[in-house]
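Below is one structure, written out as C-alpha cells, with a few remarks after it.
First the proteins, then the strands, lettered A, B, ... as listed; each starts at 1. From a predicted model like this one, the values you see are computed outputs, not experimental measurements.
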Number of protein chains: 4
Amino acid sequence: MAKSIKKAVPDRKSQILLSASRVFAKKGYHEASITDIIDHAGIARGTFYLYFKHKRDVFDHLLTEFLNQLDHIIKPVEIHDGAPDPLQQLKDNITNVLTLISTQPEVAKILLHLSTGLDDRSAVTASSFYNGILEMIENALKTGIELGIVRKCNTIISSVIILGTVKEVAGYLITHKNPPSIQEISNEVIQYGMNGILLAK
Amino acid sequence: MAKSIKKAVPDRKSQILLSASRVFAKKGYHEASITDIIDHAGIARGTFYLYFKHKRDVFDHLLTEFLNQLDHIIKPVEIHDGAPDPLQQLKDNITNVLTLISTQPEVAKILLHLSTGLDDRSAVTASSFYNGILEMIENALKTGIELGIVRKCNTIISSVIILGTVKEVAGYLITHKNPPSIQEISNEVIQYGMNGILLAK
Amino acid sequence: MAKSIKKAVPDRKSQILLSASRVFAKKGYHEASITDIIDHAGIARGTFYLYFKHKRDVFDHLLTEFLNQLDHIIKPVEIHDGAPDPLQQLKDNITNVLTLISTQPEVAKILLHLSTGLDDRSAVTASSFYNGILEMIENALKTGIELGIVRKCNTIISSVIILGTVKEVAGYLITHKNPPSIQEISNEVIQYGMNGILLAK
Amino acid sequence: MAKSIKKAVPDRKSQILLSASRVFAKKGYHEASITDIIDHAGIARGTFYLYFKHKRDVFDHLLTEFLNQLDHIIKPVEIHDGAPDPLQQLKDNITNVLTLISTQPEVAKILLHLSTGLDDRSAVTASSFYNGILEMIENALKTGIELGIVRKCNTIISSVIILGTVKEVAGYLITHKNPPSIQEISNEVIQYGMNGILLAK
DNA sequence: GATGAATGAGCATTCATTCAT
DNA sequence: TATGAATGAATGCTCATTCAT
C-alpha cells in the first residue's frame, strides 16, 4: 500500500482551488489577493499562474464546479406512476442540497454571497443558475397544482419564497457553529411548506 | 418659508450619499470607484473627502441609515388586550418593509448584497442587524406558540425561514422590471405562512 | 521681473516627455521602466498615469511629435519657374533635418533605433513614415530625370541609398561627441550626390 | 562515411540557433520569449538552458557568428601591382555582403535592427563591428585618394555615407517581397559612388 | 468651503531561470 | 541528456487618499 497518503490534496490544481475557496470564503473575491491564496497554499507566485490564467479563473472554476454539483444533485420531482412520494422527493432534494453545502461550506459561502443583480460576470453566472432553479420550482408548483397536491397560489412568488427559504437556511447552516442537524432543518422546511406556521384564525 | 427647494437634494452630503447609493447598487462596493461617485455627483474629488472620511464611510452611512429606517418600521407584534389582529400586524410589517425597500431600491440592494459572514466591517453590521431581526421573529414565534396562534415548531429554524422568505421576496421586488404588487407579495407570504403550499394529507 | 524661470520645462507633461525621451534614448523602450522615467522626472508613480495612459503612450507621443516636425521641415523640391535652385532646396532639406535631429538627439535616437520590419506598433509607424519619405524622394528623382537634372537611374534603389545616407549620417551626428558641423556634413552628402567619390577610370 | 544527414539541422544547438533567429527576426529580442523559441524548436524548456546560459546568450551567438561571416567575406581593397581592378574588388565586396545577407535574412535583420548607441551589450558588439567597418572604409578611401582614384573628400563622413548606403540597401533587400536583384543593387550603388546622381555642374 | 493635481502603497501578471526526476 | 513543474524578482497599472491653492 506504498507511499500513497502524502497529502489530503491530490494535485497542485486542487490544492490551489482548496486554498482559494478558503480565502475567498473568508475575505470575499475582491479583498482576497493572489498573495493570500499562494501563501495559504504554500506555493510560489508563478505556480499559481501555471494552473490558472487569472484570479477570476480560480473563482469561476470554484463556482461553476459547485453549480454543476448542485445541478446534478437537484432532481426535478417526478410524478408518473410508480414514482416515489413527491413529498419525499422534495425532502430528498432539500436534504441533498444541504448536505452538499455542508460538505463544501467555503464554496457554498461564495455562492450565497454572490450579489445577484450586480454588473459582475460571476454574479451573472450565479444569477442565471438561480433563475434556472426558480423555473424548476415554478414548474413543479404548476404541475402540483394540476395534480391537486399543491394549493392554488401565485407560482412565481411562491417559487421565490421557497428559494429564499432554502438559501437562508443554507446560509444559517454554514455560518453557525452548532447548527441544527440537516434532518431537522429539512423537516422544518417541509413542515413549513405543508402547514405554514400560523394556526389560522 | 425660507429659501426653499433649490434642488431635489437638500445638501452636499445627501447629494453624495444619493450618488453613492446609485453607484454602489449598480457596481457593488469594490467595483465602484470614488471617481464613479464624484462624477455622478458632479463634485470635485476633494469635496468628497470634506464630507466623508473614507470610501467605506459613505457605505456605512448608507447602510446604517437604512437599517435604522427598517428598525423603526418593523414593529414587534403586540398581543395585549385591544391590540390589533396579530395577523394584520404581521402583514403590516411585511408590507411596510417591502414598501420602504421599493422606495430606496438602491440602498436595499446594497443591504441584500452584503455578504454576511465575511471579514468585513459592513458585513458585520448587517449581520448583527439580521440577528436582531431573527431574535425578534423568534420571540414573536415563542409568544405566538404560548398564545396558541402559532403551531409548535423549531422557532430558530422557522425564524430563519421567515427571514429568508422576506429577503428573497424583497430581492425579487427590486431586481425585476415588472414585479407583482407589494400587496400581492405580502398576501402570498402570509398565505404561505398560514397554510404552506402543500395540500398533502 | 518676477518668479518666471522656475524650470526649463513648462509643464508636467513636457517634463515627463523630456525624461522619457532621455530614458528611452539611453535604454531603449523595453529596458526602460516606468520607475526609470518617474525617477528621472522626480515625480510619483501615479502622476505619470495622470498624463499618459500607458507606457506606450509616452513613446508614441514622442515619436509622432517628432515625425510631425520632420514632416513639416522636409519640403518637396519645387521646380516651377522662379523656384530656388533645386540643389539648394535639397541642401536646405538636409541641413534642416540634421539641425532638427541635433536639437532633439534623444528622440532622434529613438526614431533611428526603431526596428522597421518588426511586429511592433511603433515600428510600423516609423516604417510608414520612412516609406513616405522614400516615395517623396523617388518622385523628386523622377521629376529630376525628366528635367534633365538627374541622371537616369533606378529610382527605387537610388531613393533607398539617399535615405540610408541621411539616416546614417544623422546617427553619426547624434552618437559622436565631436561630430563635424552640420554644414560640413550636408556639403559632403551633396558632393557625394553630385559626383560620387570615385574618380572613375 | 558515418550516419550522415539525419535532419536539415545538424545538432540541437544549431536547431535552437535557427529557431531563435527566426523568432528574434520576427518579434525582436525583447518581444521574443524563451517559450517562443522552444516552441519553434520543439524542445523542452530545460533543454534550452542545456545549450545556452541566457536568453542573451543565443542572441550574442547569432550575432557574433554572423559578424564573423561578414568579417571573412569583406576583403580590404588591395592595390598592389597585379591586384584586380579596385572597382571590381569594391563591387565584389558589396555583392558578397548582400548575398550573405540574403542567405540569412533573419540574422541580418537582427543585426540591422540592433540599436547602436543603446546601453546594451549586443548593441555595443554591433557598434564596434560597424566601427571596424567604418575604419576599413576610411582607410580604403585614404589610400584611394593618395592613389588618385578617389576624389578628395572628408573621409570620415564619406565612410559613414557608404556604410549607410549599404545598410539601407541591405535592409531593403531583406524586408521586401520582390526586391531588385543583388546585381542590380550592387551596380546602382557603384554607379552612385562613381557619379552621384546629380548631373548639374 | 471647493478644487483637482499629486501621491504611493498595493495588486495582478509575466517570464527568464533553476532543478529534481 | 532531456524534461517541465516550480520559482520569485520585476513590472505596469490602479485608486483611495492628501493637501496646497
Side-chain angles (χ1 to χ4, degrees), chain A residues 11-13 15-16 29-39 41-59, chain B residues 11-13 15-16 29-39 41-59, chain C residues 11-13 15-16 29-39 41-59, chain D residues 11-13 15-16 29-39 41-59:
Chain A
D11 60 359
R12 270 286 145 94
K13 191 160 188 174
Q15 182 191 4
I16 298 176
Y29 178 78
H30 286 285
E31 294 291 333
S33 69
I34 298 290
T35 304
D36 289 331
I37 298 175
I38 62 176
D39 281 357
I43 58 169
R45 193 156 283 268
T47 308
F48 175 91
Y49 288 94
L50 229 46
Y51 296 92
F52 298 96
K53 270 202 263 298
H54 318 291
K55 182 185 173 187
R56 184 53 137 285
D57 204 11
V58 224
F59 192 82
Chain B
D11 59 358
R12 274 278 150 98
K13 192 160 187 172
Q15 183 191 3
I16 298 176
Y29 178 77
H30 285 286
E31 294 290 336
S33 68
I34 300 288
T35 303
D36 288 330
I37 298 174
I38 63 178
D39 281 358
I43 60 169
R45 189 158 286 265
T47 309
F48 175 91
Y49 287 92
L50 237 42
Y51 295 93
F52 298 95
K53 266 202 267 300
H54 319 289
K55 183 185 176 186
R56 187 53 136 287
D57 207 9
V58 225
F59 192 81
Chain C
D11 60 358
R12 270 284 144 95
K13 192 160 188 176
Q15 181 191 2
I16 298 175
Y29 179 78
H30 285 284
E31 293 291 333
S33 70
I34 299 291
T35 303
D36 289 332
I37 297 175
I38 63 178
D39 281 357
I43 59 169
R45 191 158 283 266
T47 308
F48 175 91
Y49 288 94
L50 229 47
Y51 296 92
F52 298 96
K53 272 203 261 297
H54 318 291
K55 183 185 173 186
R56 186 52 137 286
D57 205 10
V58 223
F59 191 81
Chain D
D11 59 359
R12 272 281 149 98
K13 193 159 187 174
Q15 182 190 3
I16 298 176
Y29 179 78
H30 286 286
E31 294 291 334
S33 69
I34 300 289
T35 303
D36 289 331
I37 297 174
I38 63 177
D39 282 358
I43 60 169
R45 190 159 287 267
T47 310
F48 176 91
Y49 287 91
L50 236 43
Y51 295 92
F52 297 96
K53 266 203 268 297
H54 319 289
K55 182 185 177 187
R56 184 57 136 284
D57 207 10
V58 224
F59 192 80

What's the [atom1]-[atom2] distance between [X] and [N], to the nearest Å?
{"X": "D/Ile34", "N": "F/dG4", "atom1": "CD1", "atom2": "P", "value": "16 Å"}
{"X": "B/Ile37", "N": "F/dT17", "atom1": "CD1", "atom2": "P", "value": "10 Å"}
{"X": "B/Leu50", "N": "F/dA20", "atom1": "CG", "atom2": "C1'", "value": "14 Å"}
{"X": "A/Ile16", "N": "F/dA5", "atom1": "CD1", "atom2": "C1'", "value": "11 Å"}
{"X": "C/Lys55", "N": "F/dG12", "atom1": "NZ", "atom2": "P", "value": "5 Å"}
{"X": "C/Phe52", "N": "E/dA6", "atom1": "CZ", "atom2": "C1'", "value": "16 Å"}
{"X": "D/His30", "N": "F/dT11", "atom1": "NE2", "atom2": "C1'", "value": "14 Å"}
{"X": "C/Arg56", "N": "F/dT11", "atom1": "CZ", "atom2": "P", "value": "17 Å"}

State whether [X] places a side-chain N or O below 4.0 Å from either non-bridging phosphate oxygen (OP1 or OP2) of [N].
{"X": "A/His54", "N": "E/dA12", "result": "no"}
{"X": "C/Tyr49", "N": "F/dC13", "result": "yes"}
{"X": "A/Arg12", "N": "F/dA6", "result": "yes"}
{"X": "C/Tyr51", "N": "E/dA6", "result": "yes"}

Would you mind classifying the nucleic acid contact of D/Phe48 as base, sugar-phosphate or nothing, using non-hydrogen atoms under 4.0 angstrom? nothing

Any-strand Watson-Crick or G-U partner of F/dT21, both distances under 3.5 Å: E/dA2

Would you say the base of F/dT17 and the side-chain of B/Arg45 have a donor-acceptor pair closer than 3.5 Å? yes

Can you work out whether C/Ala32 or A/Gly42 has the more 5'-proximal nearest nucleotide on DNA chain F? A/Gly42

Position toward the 5' end of DNA chain F (nearest nucleotide), C/Tyr29 or D/Thr47: D/Thr47

For DNA chain E, whose closest nucleotide is more 5', that of B/Ile43 or that of A/Ser33? B/Ile43

Could you tell me whether the side chain of A/Tyr49 reaches within less than 4.5 Å of the side chain of A/Ile34, counting heavy atoms only? yes

Aromatic plane relationship, D/His30 with C/His30 - under 30° parallel, 30 to 60° tilted, over 60° perpendicular: parallel

Would you confirm whether C/Lys13, through its side chain, and C/Phe52, through its main-chain N or O, come within 3.5 Å as a donor-acceptor pair? no

What closest approach, in Å, do A/Glu31 and A/Asp36 show between heavy atoms, and which atom pair accounts for it? O-OD2, 3.7 Å

Within 45° cone of B/Tyr29 ring axis and under 6.0 Å: B/Arg56 NZ or CZ: yes

